[in-house]
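Start at 1 and go down the list; that is how both ligands and their atoms are numbered. Just so it is clear, the structure is predicted and the values come from calculations on it, not from any experiment. Scope of the values below: all heavy atoms of this structure, side chains included, with no hydrogens, waters or symmetry mates.
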Amino acid sequence: MIFDVMTLFPEMIDYCMHESVIGRAVKKGIITVNCFNIRDYSTDRHRHVDDYPYGGGAGMVMQPGPIYDCYADIMAGKETKPRVVYLTPQGRIFDQPLANELAREEEIIFLCGHYEGVDERILEEIVTDNVSIGDYVLTGGEMPAMIMIDAIARQVEGVLGSSESAANDSFQDGLLEYPQYTRPEEFHGMRVPDVLLSGHHGNIDLWRRRQSLKRTLERRPDLLEKVRQSGGLSAEDRELLAGLQEEVPGSGQ
Ligand code: 9WO
């Protein structure tokens, strides 16, 4: 899968995409991250890419010309039009279903804005998806683009090792993960739950499922409601939840 990133700070993306799990996938050739410096497409002798906003007001706005030329360069020789994602607080909220959907694309182009924004006309012309990673304002779209690439890439076949399989994570079944423990058996007076030391896999699976349900009920009741409504709970889940609802104060409805 190919990710093309249009940005004023390509080093920021380049560096991060060569580390860790994503870095390994890049080395293996399963994913490719191409960074394009919008400034390279400036026609200004001072390499400017921004100008004052028409109508007045604070700050600077990225001009459409260099972004268009950068986009045209990326598109040169392509037969199909990849989706173009603009990272903006005004977009659709990025979540696991959107990550899964985008992981089925062959190529995605990201446009990272900076300053006080980007001229509306280039957004109208090239952007297919306005996406937000959450309700806060940042200084640019680079970190949101990296977050999206990370979440999308790890859904691509071969990116995770067999032991890291994406199928079991938080959100794949709409519930939060159960708590994890490793050695030592006792840390600062706190013991690993006995069931995990028992070697009884049936009991371990049941305990973990119950913990996932409990966490989701306590921390993200909104997610639990979504799973419930989409029919994602088994009869056993509903039984476990009924038990939990007595135990967790204020969680019953
Ligand atoms: C800043 C500003 C200051 C004065 C008047 C208007 C203004 N608009 C902005 C602004 O929204 N700047 C953005 C900064 C321009 C596009 C890139 N920036 C950005 C992206 N901030 N936050 C995001 C973002 C993207 C995805 N998900 C969450 C936040």
Side-chain angles (χ1 to χ4, degrees), residues 1-17 19 22 31 33-42 44 47-74 82-105 107-156 169-171 220 222-223 226:
M1 178 167 192
I2 301 170
F3 300 99
D4 306 300
V5 187
M6 298 190 273
T7 170
L8 290 172
F9 302 96
E11 322 73 48
M12 201 172 157
I13 314 260
D14 253 336
Y15 181 79
C16 291
M17 294 297 126
E19 293 289 326
I22 302 302
I31 65 166
V33 183
N34 300 318
C35 294
F36 295 84
N37 191 341
I38 295 167
R39 200 173 295 283
D40 291 344
Y41 299 86
S42 170
D44 184 278
R47 304 234 300 157
H48 285 153
V49 289
D50 58 328
D51 208 333
Y52 300 97
Y54 279 119
M60 303 296 270
V61 175
M62 287 173 72
Q63 295 173 287
I67 297 173
Y68 186 78
D69 292 345
C70 180
Y71 173 73
D73 196 16
I74 295 172
R83 287 165 80 163
V84 178
V85 173
Y86 179 55
L87 291 312
T88 168
Q90 302 178 25
R92 162 179 177 191
I93 298 278
F94 184 59
D95 57 9
Q96 193 65 56
L98 183 52
N100 297 356
E101 178 191 325
L102 291 173
R104 294 193 294 268
E105 299 289 324
E107 180 166 2
I108 302 175
I109 302 174
F110 292 91
L111 171 58
C112 305
H114 245 272
Y115 311 117
E116 282 64 47
V118 173
D119 188 290
E120 189 67 20
R121 293 165 295 182
I122 190 69
L123 301 178
E124 255 176 56
E125 186 158 329
I126 70 171
V127 172
T128 60
D129 297 81
N130 288 285
V131 181
S132 166
I133 61 157
D135 289 336
Y136 32 77
V137 181
L138 303 169
T139 57
E142 283 76 13
M143 285 199 270
M146 288 192 275
I147 285 169
M148 287 186 65
I149 291 170
D150 193 288
I152 295 165
R154 70 190 290 293
Q155 298 305 318
V156 173
D169 322 320
S170 267
F171 291 119
R220 294 296 305 276
D222 57 314
L223 290 181
K226 268 197 211 165

Salt bridge (Lys or Arg N to Asp or Glu O under 4.0 Å) involving Asp40 - partner list, sequence neighbours excluded: Arg47

Between ligand 1 and the protein, which N/O pairs fall short of 3.5 Å?
| from | atom 1 | to | atom 2 | distance (Å) |
| --- | --- | --- | --- | --- |
| ligand 1 | 8 (N) | Glu116 | O | 3.3 |
| ligand 1 | 12 (N) | Tyr115 | O | 3.2 |
| ligand 1 | 21 (N) | Leu138 | N | 3.2 |
| ligand 1 | 21 (N) | Leu138 | O | 3.1 |
| ligand 1 | 22 (N) | Leu138 | N | 2.9 |
| ligand 1 | 27 (N) | Ile133 | N | 2.9 |

Is it true that atom CE of Met12 has more than 12 heavy atoms of other residues, nucleotides or ligands lying nearer than 6.0 Å? yes

Quick one, Ile67 and Ile126 - any side-chain contact, counting heavy atoms below 4.5 Å? yes

Can you list every pair that meets side chain to side chain donor-acceptor pair (under 3.5 Å) and has a residue in residues 126-140, with sequence neighbours left out? Arg83-Asp129

Not counting sequence neighbours, which residues clear salt bridge (Lys or Arg N to Asp or Glu O under 4.0 Å) with Arg121? List them please. Asp119

With a sphere of 6.0 Å drawn around CD of Gln90, does it hold more than 12 non-hydrogen atoms of other residues, nucleotides or ligands? no

